[in-house]
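Please read the structure below before turning to the comments.
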Amino acid sequence: MELSRINLNLLTALHQLLRCRSVSQAARALFVTQPAMSRNLAQLRTLLGDPLLVRVGNQMQLTPRAEALSAQVAPLLLNIESLLMPDHFDPALFQGRFNIAITDYTSEHILPTLVEDLCRTAPGLQLHFHLWEPAMITDLREGRMDLAACILNEVPDDIHGRQVGEDSYSCLLRADHPLLLNGGPDLDQYSQADHISISGGGDKNRALDNALATLGRLRRVRITVPFFHSALAFCASSDGILTLPTHMAENLRQRHNLALRPLPFEVERVRYSLIWHQRQQHDAAHGFVRERFYHALEKSRFSKPSPGHNQEL
């Protein structure tokens, strides 16, 4: 097989297909269409002479060849990225400032170890963090913001990004909430209850409200606050329901002795990503920072439901 005849972009597609075990999820992770990812899979199957993903019941499973490849592809991609990184870049000598948009959840639970790492490896790096809002897409375009870790389901064409994960929604209620009796809340109880909304850190409400609207229902938002922990405190001391991505709800509920329950209706899954403007795609310092940021987000236990997750707690 001649290397010159191989499209190396297929390596990133292969990595996501093996990681996600889903064409649609791999497409979302790389911000491409599902038909485009299906074409990538077809090319990979031809190139490697193996189906790679096969359907078993309702799930896609890796073939033995794919299982072997899954352990090799991620290190290979990292080596290629290191190879292509300009060799004159030395993080120990770098002097510069990065403006990064985040949520307060990311700031408290994921940033401390990342900041410690960056301050040690790049002592001349200045980090300025800002609370993410969707309007900051303009700041990314115009250079006022360098990077953003956020919930954003629709990514503009001029914005590059890497999907960190996706999740369902769950709701939190105080431990002795009357709606917890008999397995509630059901759809009627949910739509008739008071709700708590978090205004800071991006839009966490539109998907919920759109899903309810298709069912002819509305939420009554009684309390709106900008920060997670204020919302949790209000939830613990009132009859208000707080609805969050499941990994956030699961990791935060124990501090306030809150009960976690699944939503009684279907909602589009929430996707969270690391994004930046296309002009910074090939900047060495930016690549250094975003790679460490991405791996901190991906590896953190706060980016996924905690071990032993159980919605009936």
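Taking Tyr294 as the reference, nothing meets the ring pair (Phe, Tyr, Trp, His ring centres under 6.0 Å) condition, with sequence neighbours excluded. Listed by chain and number, the residues in a salt bridge (Lys or Arg N to Asp or Glu O under 4.0 Å) with Arg55 amount to none (sequence neighbours excluded). In this structure His195 satisfies the ring pair (Phe, Tyr, Trp, His ring centres under 6.0 Å) test together with Tyr190, sequence neighbours excluded. Scored by the side chain to side chain donor-acceptor pair (under 3.5 Å) test, Arg65 finds no partners at all (sequence neighbours excluded). Residues that satisfy the ring pair (Phe, Tyr, Trp, His ring centres under 6.0 Å) test with Phe129, not counting sequence neighbours, are absent from this structure. Partners of His160 under the side chain to side chain contact (heavy atoms under 4.5 Å, CB included) rule, at least two apart in sequence or in another chain, are Trp276, Gln278, Gln281. Partners of Glu142 according to the side chain to side chain contact (heavy atoms under 4.5 Å, CB included) rule, which considers only residues two or more places apart in sequence or in another chain, are Thr138, Arg144. Arg28 meets the salt bridge (Lys or Arg N to Asp or Glu O under 4.0 Å) test with Glu166; sequence neighbours excluded. In terms of the salt bridge (Lys or Arg N to Asp or Glu O under 4.0 Å) criterion, residue partners of Glu67 (sequence neighbours excluded) are, by chain and number, Arg21. Contacts of Asn58 classified as side chain to side chain donor-acceptor pair (under 3.5 Å), with partners at least two apart in sequence or in another chain: none. Shown here are the salt bridge (Lys or Arg N to Asp or Glu O under 4.0 Å) partners of Arg39, two or more places apart in sequence or in another chain: there are none.
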Determine whether Ser197 and Ile223 satisfy the following criterion, side chain to side chain contact (heavy atoms under 4.5 Å, CB included), listing intermediate values before the conclusion. CA-CA 6 Å; Ser197 175; Ile223 301 171; over 6 Å; no
Evaluate the salt bridge (Lys or Arg N to Asp or Glu O under 4.0 Å) criterion for residues Asp188 and Arg217: first the C-alpha distance (whole Å), next the side-chain angles of each, then the deciding distance (0.1 Å), finally the verdict. CA-CA 9 Å; Asp188 288 334; Arg217 308 297 181 101; 2.6 Å; yes
Verify salt bridge (Lys or Arg N to Asp or Glu O under 4.0 Å) between Arg255 and Glu250, making sure each step is shown before the conclusion. CA-CA 10 Å; Arg255 293 190 179 188; Glu250 169 62 21; over 6 Å; no
Trace of the side chain to side chain contact (heavy atoms under 4.5 Å, CB included) decision for Asp90 with Phe94: CA-CA 6 Å; Asp90 184 347; Phe94 176 76; over 6 Å; no
For Leu263 and Leu208, run side chain to side chain contact (heavy atoms under 4.5 Å, CB included): C-alpha distance rounded to whole Å, both residues' side-chain angles, the deciding distance at 0.1 Å, then the answer. CA-CA 10 Å; Leu263 284 184; Leu208 295 170; 3.6 Å; yes
Please report the C-alpha distance between His109 and Leu252 in whole Å, then the side-chain angles of each, then the deciding distance to 0.1 Å, and finally whether the side chain to side chain contact (heavy atoms under 4.5 Å, CB included) criterion is met. CA-CA 10 Å; His109 298 290; Leu252 295 174; 3.3 Å; yes
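Between Leu17 and the choices Met60, Gln25, Met37, the side-chain contact (heavy atoms from CB on, under 4.5 Å) rule is met once, by Met37.
Within 6.0 Å of atom CD in Gln126, more than 12 heavy atoms from other residues, nucleotides or ligands are found, so the atom counts as buried in its surroundings. Annotation for Glu266: atom CD does not count as buried by contact number, only 12 or fewer foreign heavy atoms lying within 6.0 Å. Within a 6.0 Å radius of CZ in Phe234, other residues, nucleotides and ligands contribute 12 heavy atoms or fewer. Atom CG of Asp157 sits in a sparse spot, with 12 or fewer heavy atoms from other residues, nucleotides or ligands closer than 6.0 Å.
Counting heavy atoms from C-beta outward, Leu244 and Leu172 have side chains that approach closer than 4.5 Å. In this structure the side chain of Tyr272 never reaches within 4.5 angstrom of the side chain of Thr103, judged on heavy atoms. A 4.5 Å side-chain heavy-atom check between Ile102 and Leu147 finds every atom pair outside the cut-off. At a threshold of 4.5 Å between non-hydrogen side-chain atoms, the residues Phe98 and Leu127 count as touching. In this structure, the side chains of Gln163 and Leu274 stay at 4.5 Å or more apart for every pair of heavy atoms. Using a 4.5 Å cut-off on side-chain heavy atoms (C-beta onward), Cys150 and Ile275 make contact. Using a 4.5 Å cut-off on side-chain heavy atoms (C-beta onward), Thr12 and Leu30 make contact. Side-chain contact between Leu242 and Ile198 is present, with at least one heavy-atom pair separated by less than 4.5 Å.
The closest side-chain donor-acceptor pair between Asn205 and Arg219 falls under 3.5 angstrom. Side-chain contact of His128 with Asn99: a donor-acceptor pair under 3.5 Å is absent, judged by distance alone. Thr246 and Ser168 share a donor-acceptor pair across their side chains, judged by distance under 3.5 Å alone.
In summary, Asp146 and Arg290 do not engage in a salt bridge, as defined by a charged side-chain N under 4.0 Å from a carboxylate O. Taking the charged nitrogens against the carboxylate oxygens, Asp139 and Arg141 have no contact shorter than 4.0 Å, which rules out a salt bridge. Taking the charged nitrogens against the carboxylate oxygens, Arg45 and Asp50 have no contact shorter than 4.0 Å, which rules out a salt bridge. A salt bridge does not link Arg206 with Asp209: none of the charged nitrogens is closer than 4.0 Å to a carboxylate oxygen.
Separating the CZ atom in Arg174 from the CG atom in Asp239 is a distance of 4.5 Å, to the nearest 0.5 Å. Taking CG of Asn257 as the reference point, atom SG of Cys235 lies at 11.0 Å (rounded to 0.5 Å). To the nearest 0.5 Å, atom OG of residue Ser170 and atom CG of residue Leu260 are 4.5 Å apart. Separating the CD1 atom in Ile151 from the CG atom in Asp167 is a distance of 9.0 Å, to the nearest 0.5 Å. Glu298 contributes atom CD, which lies 13.5 Å from atom CZ of Phe293 (distance to the nearest 0.5 angstrom). Separation of atoms CD1 (Ile100) and OG (Ser107) is listed at 11.0 Å; rounding is to 0.5 Å.
Nearest heavy-atom pair across Pro264 and Leu187 is CB-N, 3.6 Å. The shortest heavy-atom contact between His286 and Asp283 is N-OD2, 2.8 Å. Pro91 and Pro123 make their closest contact through O-CD, 4.3 Å (heavy atoms, listed as atom of the first residue, atom of the second, distance). Nearest heavy-atom pair across Pro51 and Leu41 is O-CD1, 4.4 Å. Closest approach of Ser199 and Pro226 over heavy atoms only: OG-CA, 3.4 Å. Nearest heavy atom pair, residue Ala29 against residue Gln16, reads CB-OE1, 3.4 Å.
Cluster membership check: Leu52 shares its hydrophobic cluster with Leu76, using side-chain heavy-atom separations under 4.5 Å among Ile, Leu, Val, Met, Phe, Trp and Tyr.
Residue pairs meeting the ring pair (Phe, Tyr, Trp, His ring centres under 6.0 Å) criterion with at least one partner in residues 23-74, sequence neighbours excluded, are absent.
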